[in-house]
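Everything on this sheet refers to the single structure shown next.
First listed ligand is number 1; within each ligand, the first listed atom is number 1.
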Amino acid sequence: MSRRRQIYEGKAKILYEGPEPGTLIQYFKDDATAFNAQKKGTISGKGVLNNRISEHIFTLLGTIGIPTHFIRRLNMREQLIRQVEIIPIEVVVRNVAAGTLSKRLGIEEGTQLPRTIIEYYYKDDALGDPLIADEHIACFGWASQEEMNDIADMAVRVNDFMCGMFAAIGIRLVDFKLEFGRIWENDYARVILADEISPDGCRLWDMTTNEKLDKDRFRRDLGGEAEAYQEVARRLGLLPEGEANMVLDLDQHRAKRGK
Ligand code: TMP
């Protein structure tokens, strides 16, 4: 791993040069941050679970015609992806009021929204990822109008698909964040889904108990974050019954051997 050229290190992932031009290796860390990295910690085994969960969701999205950066999973913590030019916008889709929407507008957490809301945030840690309007995106040229139309269409399709997928396993998809990137084909740019989809960037509530199965367990000091991520993976059928600990133990064993 150390022999590869590191391209970028983010809060939860590292990007390495890929084996072919136009590819990268995305490595999932156990590090967790919240509130623009003011709170830092680790969630043991998170990287392994997010790698697997994101692989699963991106693969399914591919089958319904959403273009994504995902190529294939390489090992427990790494996946091969297409290199994209990240569009500096975090796209948040909300079905139920929670988090900053509740805080900003005084709407009780858990209130079902009468319609789905798409919000855009400018991806800039120094500014704390501020909420922005379409006007800012157009004014500062972060994405073209055509790209924004494609992004909004894809975000709605991803939401429809994921609401159904999670409902089928007893989970309410409250909200989630997506990132998109540009790939160049000849002289034309195309927008594809990038980054990851995992309990780090989604709010997932158990449909009967309302128990939180996502990073809010870490953000709000609720405890049991590793178990919550495992539960999501288990319900998605990614951890055969009783094997959750085995998979994670194997990863820890490899980490100790320095692999
Ligand atoms: P928020 O309520 O804090 O604005 O978050 C909305 C959703 O977006 C929630 O599912 C968490 C996700 N999210 C990220 O993945 N990264 C971020 O930096 C932020 C602020 C939110």
Exercise for the section: Return yes when atom CZ of R82 has more than 12 non-hydrogen atoms of other residues, nucleotides or ligands closer than 6.0 Å, and no otherwise. Expected result: no
Problem - Residues R203, F176; criterion side chain to side chain contact (heavy atoms under 4.5 Å, CB included); working and verdict - result: CA-CA 6 Å; R203 283 198 175 90; F176 60 95; over 6 Å; no
Practice task
Using a strict 4.0 Å cut-off to heavy atoms of V92, name the atoms of ligand 1 that fall inside it.
Solution key: 6 (C), 8 (O)
Problem - Which residue and heavy atom of the protein sit nearest atom 13 (N) of ligand 1, plus the separation - result: K177 CB, 3.9 Å
Fill in the blank from the handout: Closest to atom 7 (C) of ligand 1 by heavy-atom distance, out of T33, V93, V174, D175, is D175
Practice task
State the atoms of ligand 1, each with its element, that fall below the 4.0 Å cut-off from a heavy-atom position in C202.
Solution key: 10 (O)
Exercise for the section: Provide the number and element of each atom of ligand 1 under 4.0 Å from a heavy atom of G99. Expected result: 2 (O)
Practice task
Kindly indicate whether the side chain of D134, heavy atoms from C-beta on, has any atom under 4.5 Å from the side chain of Y120.
Solution key: yes
Practice task
Among all protein heavy atoms, pick the one closest to atom 5 (O) of ligand 1 and tell me residue, atom and distance.
Solution key: R203 NH1, 3.5 Å
Problem - More than 12 heavy atoms of other groups within 6.0 Å of R72 CZ - result: no
Fill in the blank from the handout: In K215, K177, K46, the residue satisfying side-chain hydrogen bond (donor to acceptor under 3.5 Å, both in side chains) with D200 is K46
Fill in the blank from the handout: atom 11 (C) of ligand 1 sits nearest the protein heavy atom R219 NH2, 3.5 Å
Handout entry: K11 heavy atom under 4.0 Å from ligand 1
Key = no
Practice task
Can you confirm whether something in the protein, heavy atoms only, sits under 4.0 Å from atom 17 (C) of ligand 1?
Solution key: yes
Problem - Close approach, E119 and ligand 1, non-hydrogen under 4.0 angstrom - result: no
Handout entry: E90 touching ligand 1 at heavy-atom level, < 4.0 angstrom
Key = yes
Exercise for the section: Nearest 0.5 Å please: distance from the CZ atom of R94 over to the CG atom of N159. Expected result: 12.0 Å
Problem - Selection from D125, L173, T100 by shortest heavy-atom distance to atom 4 (O) of ligand 1 - result: T100
Handout entry: side chain to side chain contact (heavy atoms under 4.5 Å, CB included) between V156 and D153, worked out
Key = CA-CA 5 Å; V156 169; D153 287 350; over 6 Å; no
Completion exercise
Residues passing the ring-ring contact (aromatic ring centres under 6.0 Å, His included) test with Y122, sequence neighbours excluded, are W142
